[in-house]
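For ligands, and for the atoms within them, numbers begin at 1 and follow the listed sequence.
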Amino acid sequence: MANAPSGFFLTIEGGEGAGKTTAVDFIKSWMTSHRLAFIETREPGGTQVAEHLRSLLLGHHGEPLSDMTELLMMFAARSQNIFHNVLPGLEAGKIVLCDRFTDATYAYQGGGRGLNTQPVEALENLVQGSLRPDMTVLLDVDPETGMARAKGRGGRLDRIEQEKMDFFIRVRNAYLERAKLFPEQFEVIDAGQPLENVQRQLLEVLSRRLGER
Ligand code: Z5A
């Protein structure tokens with residue numbers, strides 16, 4: 001399952017309140033203005049069935065999900081998204097813009113839940129074969145700032161957002177560890193800065209990595 005040569009797999013990652021949705025909108029406008037063909041998807045979700053799994057994963061239920069159930073459901077949703085969106089998009093030579101992917105699993109289930117990398121890696125190989133992002137934009141923000149922003153959006157926090165601060169500190173550390181391990185894949189952006197500065201950093205990365213397409 002290798003990436004199609006002409007497609008480009010771009011993923012966006014970050015902790016709570018990092019500004020992913022805002023960044024995804026900015027990236028889409030930039031790609032549109034540069035006449036780049038892209039499709040957009042998200043995880044968990046992106047297909048009808050995967051969106052059902054998302055509701056189960058993020059909703060509040062009487063019955064707690066075990067950490068392993070959560071991990072397996074993330075990969076079940078991912079498998080649907082890969083089959084219906086990611087591979088067809090790459091095979092058509094498009095940029096596939098995916099709001100979160102497997103690095104989120106390393107961060108939240110591996111780091112946050114403490115499952116560590118081994119089960120994540122095993123499922124990554126099983127579900128994805130050799131498919132990996134060509135580039136990952138990691139919006140890095142300290143969890144205190146991020147949670148304050150997320151709470152500022154209003155509405156009830158979802159099942160994972162309700163975790164305690166030390167969970168989000170482990171998530172952040174796991175993301176930064178991934179970025180250190182895979183410097184060619186990751187572009188780390190300081191998302192604690194005001195929006196114009198974040199967008200300036202994004203612009204630099206997009207021009208450097210996608211400007212020649
Ligand atoms: N999850 C997982 O555990 N394992 C996995 O494998 C995967 C996912 C794939 C849903 O993700 C959950 O799934 C998530 C991880 C877990 N956990 N939780 N909880 P999601 O990506 O759908 O949900 P999200 O994390 O809430 O992302 P989001 O909706 O994109 O939120 P955001 O990053 O906070 O972005 P935002 O809405 O653009 O920004 C938040 C607020 O801050 C908003 O009011 C903005 O106007 C404001 N903002 C944005 N940028 C700035 C700057 N620079 N300064 C000041 N204010 C700003």
Side-chain angles (χ1 to χ4, degrees), residues 9 11-29 40-47 50-51 53-60 65-82 85-86 97-115 117 119-121 123-124 127-128 133 136-165 167-172 174-175 178 189-203:
F9 190 19
T11 62
I12 315 296
E13 300 282 359
E16 308 314 305
K20 278 187 311 88
T21 299
T22 313
V24 163
D25 288 344
F26 181 82
I27 293 170
K28 284 192 307 187
S29 304
E40 180 193 4
T41 183
R42 69 168 181 179
E43 292 205 354
T47 80
E51 290 290 332
L53 288 167
R54 178 187 178 92
S55 305
L56 284 172
L57 276 160
L58 301 186
H60 299 274
L65 285 188
S66 83
D67 294 348
M68 189 52 74
T69 304
E70 184 177 277
L71 175 70
L72 293 169
M73 284 170 70
M74 289 293 175
F75 270 102
R78 179 157 302 134
S79 180
Q80 280 298 104
N81 187 38
I82 289 171
N85 296 319
V86 179
L97 174 62
C98 191
D99 186 343
R100 295 197 190 278
F101 193 63
T102 307
D103 291 296
T105 318
Y106 279 102
Y108 283 82
Q109 283 65 50
R113 299 284 186 227
L115 287 172
T117 56
V120 183
E121 207 168 64
L123 287 164
E124 179 181 45
V127 169
Q128 297 169 217
T136 297
V137 172
L138 172 59
L139 297 164
D140 177 53
V141 69
D142 86 80
E144 300 265 0
T145 308
M147 275 317 286
R149 282 186 196 163
K151 283 182 180 152
R153 275 185 313 209
R156 187 179 178 191
L157 297 177
D158 70 38
R159 197 179 58 81
I160 298 177
E161 284 169 338
Q162 284 192 331
E163 286 298 329
K164 298 202 169 67
M165 192 51 70
F167 174 90
F168 295 110
I169 292 169
R170 289 196 298 277
V171 168
R172 184 194 196 190
Y175 266 134
R178 297 283 300 160
I189 287 192
D190 179 357
Q193 303 256 329
L195 192 56
E196 357 16 311
N197 292 3
V198 172
Q199 293 185 337
R200 199 172 310 124
Q201 295 173 70
L202 270 174
L203 210 51

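Applying the salt bridge (Lys or Arg N to Asp or Glu O under 4.0 Å) rule to pairs touching residues 16-27 yields K20-D99, D25-K28, sequence neighbours excluded.
By the 6.0 Å contact criterion, CD on E144 is open, its count of non-hydrogen atoms from other residues, nucleotides or ligands being 12 or less.
The protein heavy-atom contact nearest to atom 17 (N) of ligand 1 is E16 OE2, 3.5 Å. The protein heavy-atom contact nearest to atom 19 (N) of ligand 1 is E161 CG, 2.9 Å. Among all protein heavy atoms, the one lying closest to atom 16 (C) of ligand 1 is I160 CD1, 3.9 Å. Closest to atom 39 (O) of ligand 1, if we only count protein heavy atoms, is G19 CA, 3.6 Å. Here the protein heavy atom with the shortest distance to atom 31 (O) of ligand 1 is R153 NH1, 2.7 Å. Among all non-hydrogen protein atoms, the one lying nearest atom 6 (O) of ligand 1 is T105 OG1, 2.6 Å. For atom 30 (O) of ligand 1, the closest non-hydrogen atom of the protein is T21 OG1, 2.6 Å. Closest protein heavy atom to atom 12 (C) of ligand 1: L58 CD2, 3.8 Å.
At under 3.5 Å, a nitrogen or oxygen of T22, whether backbone or side chain, sits near a nitrogen or oxygen of ligand 1. Ligand 1 has an N or O atom lying under 3.5 Å from an N or O atom of R54, backbone or side chain. Geometrically, ligand 1 and G17 share a nitrogen or oxygen pair separated by less than 3.5 Å. Residue Y108 has no nitrogen or oxygen atom sitting less than 3.5 Å from a nitrogen or oxygen atom of ligand 1, judged on distance alone.
Atoms of ligand 1 lying under 4.0 Å from at least one heavy atom of E43, given by number and element, are 9 (C). Annotation for ligand 1: atoms under 4.0 Å from non-hydrogen atoms of Q109 are 2 (C), 3 (O), 4 (N), 5 (C), 6 (O). Residue P44 approaches ligand 1 through these ligand atoms, each under 4.0 Å from one of its heavy atoms: 7 (C), 8 (C), 9 (C), 13 (O). Of all atoms in ligand 1, listed by their number and element, those nearer than 4.0 Å to a heavy atom of R78 are 6 (O), 9 (C). Close approach of ligand 1 to V198 (heavy-atom distance below 4.0 Å) involves ligand atoms 53 (N). Listed by number with element, the atoms of ligand 1 under 4.0 angstrom from any heavy atom of Q193 are 52 (C), 53 (N), 54 (N).
Counting only distance, with no hydrogens or angles, the side chain of Q201 and the backbone of D190 share a donor-acceptor pair below 3.5 Å.
Residue N197 does not touch ligand 1, judged by heavy-atom distances below 4.0 Å.
Considering only non-hydrogen atoms, atom 41 (C) of ligand 1 lies nearest to R149 out of R42, M147, R149. With atom 2 (C) of ligand 1 as the reference point, the heavy atom nearest to it among Q199, M74, R100, K20 is part of M74.
Ligand 1 does not have E70 within reach: every non-hydrogen atom of the residue lies 4.0 Å or more from it. Ligand 1 lies within reach of A18, whose nearest heavy atom is under 4.0 Å from it.
Every residue meeting the side chain to side chain donor-acceptor pair (under 3.5 Å) condition with Y175, not counting sequence neighbours, appears here in chain and number order: E13, R100.
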Intermediate values then yes/no, side chain to side chain contact (heavy atoms under 4.5 Å, CB included), L123 and M74: CA-CA 10 Å; L123 287 164; M74 289 293 175; over 6 Å; no
Under the side chain to side chain contact (heavy atoms under 4.5 Å, CB included) rule, what do E51 and Q80 come out as? Steps first, then yes or no, please. CA-CA 10 Å; E51 290 290 332; Q80 280 298 104; over 6 Å; no
Side chain to side chain contact (heavy atoms under 4.5 Å, CB included) between Q109 and D67, worked out: CA-CA 7 Å; Q109 283 65 50; D67 294 348; over 6 Å; no
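No option in N197, V198, L203 other than N197 meets the side chain to side chain contact (heavy atoms under 4.5 Å, CB included) test with R200. Test T11, T47, N81 against T41 for side-chain hydrogen bond (donor to acceptor under 3.5 Å, both in side chains) and you get one pass: N81.
A side-chain N or O of E124 and one of Y106 form a donor-acceptor pair less than 3.5 Å apart. Between the side chains of T105 and R78, at least one donor N or O lies within less than 3.5 Å of an accepting N or O.
A salt bridge is defined here as a Lys NZ or Arg NE, NH1 or NH2 lying under 4.0 Å from an Asp or Glu carboxylate O, and R172 with D140 meets this definition. Salt-bridge annotation for E70 and R159: present, with a side-chain N of the basic residue lying under 4.0 Å from a carboxylate O of the acidic one.
Residues F101 and I82 are in side-chain contact: their nearest non-hydrogen atoms beyond the backbone lie under 4.5 Å apart.
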